[in-house]
Colleague: 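This is the structure, below, for whatever I ask next.
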Number of protein chains: 2
Amino acid sequence: MGVKDSKTEQLIKDTAKRLFLTEGRMLATTQDIADAAGVNRTLLHYYFRSRDVLFDLVFKEALRELRERIQSVMLSTAPFREKIENLINVFFEELIKSPYLETFIVLQMNQDPGKYEELFRTLPGGEQKMKIFFKEIQAEMDKGTIPEMKPIHFFMNFFSLMAYPFVARPIYEKMFDLNDAAFKKLVRERKKVILLSLFKNHEV
Amino acid sequence: MGVKDSKTEQLIKDTAKRLFLTEGRMLATTQDIADAAGVNRTLLHYYFRSRDVLFDLVFKEALRELRERIQSVMLSTAPFREKIENLINVFFEELIKSPYLETFIVLQMNQDPGKYEELFRTLPGGEQKMKIFFKEIQAEMDKGTIPEMKPIHFFMNFFSLMAYPFVARPIYEKMFDLNDAAFKKLVRERKKVILLSLFKNHEV
DNA sequence: GTATTGTTTGACAAAATTGTTAAACAAAGG
DNA sequence: CCTTTGTTTAACAATTTTGTCAAACAATAC
């Protein structure tokens, strides 16, 4: 066996993941990836056959992981407000790790809609579970802790408030002259802001 | 002069705009654009010299237009709540026209940060104007019509609630099995939902 | 040591995309 | 009708990127 053993395959995959999802270099060529990983470009084909295969692999893995983490929190038995807080934590963690996943998805879905269909289709029993979560949202409205609206709007609001600042990060950074530290500070503050904005009880 | 006169240049630009911003085909090749416009590919070089030049032109034009429309509303003398309503209308109009502008910006800014810097830098007097808008936000908090937070968070919330559903549209469509009509209906509903979510007075 | 297996490499081929050029063409003025 | 000007075209060149291959290499088993 070579001195690098079988770690090379993982190294390439991790590097691709970093370039695509963390640094937003979605157009990185096989050469870019090989260079960043410090390996010969041919190895990329040796292990993954083609750029497309590697690309899909990275994408699907990241998406699957995100979905699983979110679902496990969303379907936990924690009280509603606590559940929302946990979701914010999970989502922020994932978005800090992969700030371009969102953008990535949107683009991919458009370049070839249907290709990743199965990744969004509610799993067996998933639709049922989503309905349960939506019922919980409705119950909160009935209790008067969140404003009245279709549960899907609450859902969209929630994910909008969490995700968009990451998607728009470069815009905000230019617009308000923010450096990395300043942006991260804002993001930390947003955990409270989001709760404040979702719940009627405007105290934390 | 040729039979197509000088309309060809505009036709190519419009087609590129449509592909890039409306259909999200950001990777469309010169051939794709020429085909979509029904002209010979060489004309694209004849009028715009290179793909990059055309790409930048489309991008900058769209961005400038969006910014101007937003600024003109943001700096109008309308009462705060009305101003927010007008902003929603303008933003929705623009996003329906160019649903991929946001995504486009994010990617471009990352591929080559600094390249489009001047488009975000607050114009001469622009920073001053942003401060005025932020003061208006603060005044509303003092009046108690919106919850207490740094004005920049209100600003981020506002744009998140408006923009994200467009960015995430393909995801939502798969996730909740929405067709075009259903999605558009949701968007129409969101005008009210956003107001409901931004303002403390949870009635419309 | 030699065979075997999997890994790595550089050289090369193929494909896709962009950019250039020279010639054909079409309209309008003289 | 001939010239001028701007437009359009096809053929070609250049570049970039992906993909293939056979040979070199390294580790382990025999």
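Proteins get letters first, then strands, A, B, ... in listed order; numbering begins at 1 in each.
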Colleague: Under 6.0 Å between ring centres: does that hold for Phe183(B) and Tyr172(B)?
Modeller: no

Colleague: Can you tell me if the side-chain N/O atoms of Thr42(A) get under 4.0 Å from OP1 or OP2 in dC21(D)?
Modeller: no

Colleague: Which nucleotide in the list dT7(C), dT20(C), dG19(D) gets nearest to the side chain of His45(B)?
Modeller: dT20(C)

Colleague: Is the distance from OP1 or OP2 of dT18(D) to the nearest side-chain N or O of Thr30(A) less than 4.0 Å?
Modeller: yes

Colleague: Kindly say whether, by distance alone, the side chain of Arg41(A) makes a donor-acceptor pair under 3.5 Å with the base of dG19(D)?
Modeller: yes

Colleague: To the nearest Å, how far apart are Arg51(B) CZ and dT15(D) C1'?
Modeller: 15 Å

Colleague: Given atom CZ of Phe48(A) and atom P of dT18(D), what is their separation to the nearest angstrom?
Modeller: 15 Å

Colleague: Output the rounded distance in Å from CG (Leu43(A)) to P (dT7(C)).
Modeller: 10 Å

Colleague: With a cut-off of less than 4.0 Å, is there a side-chain N or O of Tyr47(A) near OP1 or OP2 of dT8(C)?
Modeller: yes

Colleague: Tell me the interatomic distance from Ile33(B), atom CD1, to dA16(C), atom P, rounded to whole angstroms.
Modeller: 18 Å

Colleague: Say whether, by atom type as modelled, one donor and one acceptor occur between the side chain of Asp32(A) and the main chain of Thr29(A) under 3.5 angstrom.
Modeller: yes

Colleague: Round to the nearest Å and state the distance from Asn40(B) atom CG to dA23(C) atom P.
Modeller: 17 Å

Colleague: Check the distance between dT18(C)'s C1' and Arg49(B)'s CZ and give it to me in whole angstrom.
Modeller: 13 Å

Colleague: When the aromatic ring centroids of Phe176(A) and Phe134(B) are compared, is their separation below 6.0 Å?
Modeller: yes

Colleague: Starting the side chain at C-beta, find the nucleotide from dG6(C), dT7(D), dG19(D) nearest to Ser50(A).
Modeller: dG19(D)

Colleague: Starting from C1' on dT8(C), measure out to CG on Leu11(A) and report it in whole angstrom.
Modeller: 14 Å

Colleague: Taking the ring of Phe91(A) and the ring of Phe159(A), is the distance between their centroids below 6.0 Å?
Modeller: yes

Colleague: Identify whether any heavy atom of Thr29(B) sits under 4.0 Å from a base atom; if not, whether one sits that close to sugar-phosphate; answer base, sugar-phosphate or nothing.
Modeller: sugar-phosphate

Colleague: Go through Phe166(B) and Tyr164(A) one step at a time and tell me if the ring pair (Phe, Tyr, Trp, His ring centres under 6.0 Å) criterion holds.
Modeller: CA-CA 11 Å; Phe166(B) 286 93; Tyr164(A) 188 71; over 10 Å; no

Colleague: Let me know the distance between CD of Gln31(A) and P of dA11(C), rounded to the nearest Å.
Modeller: 13 Å

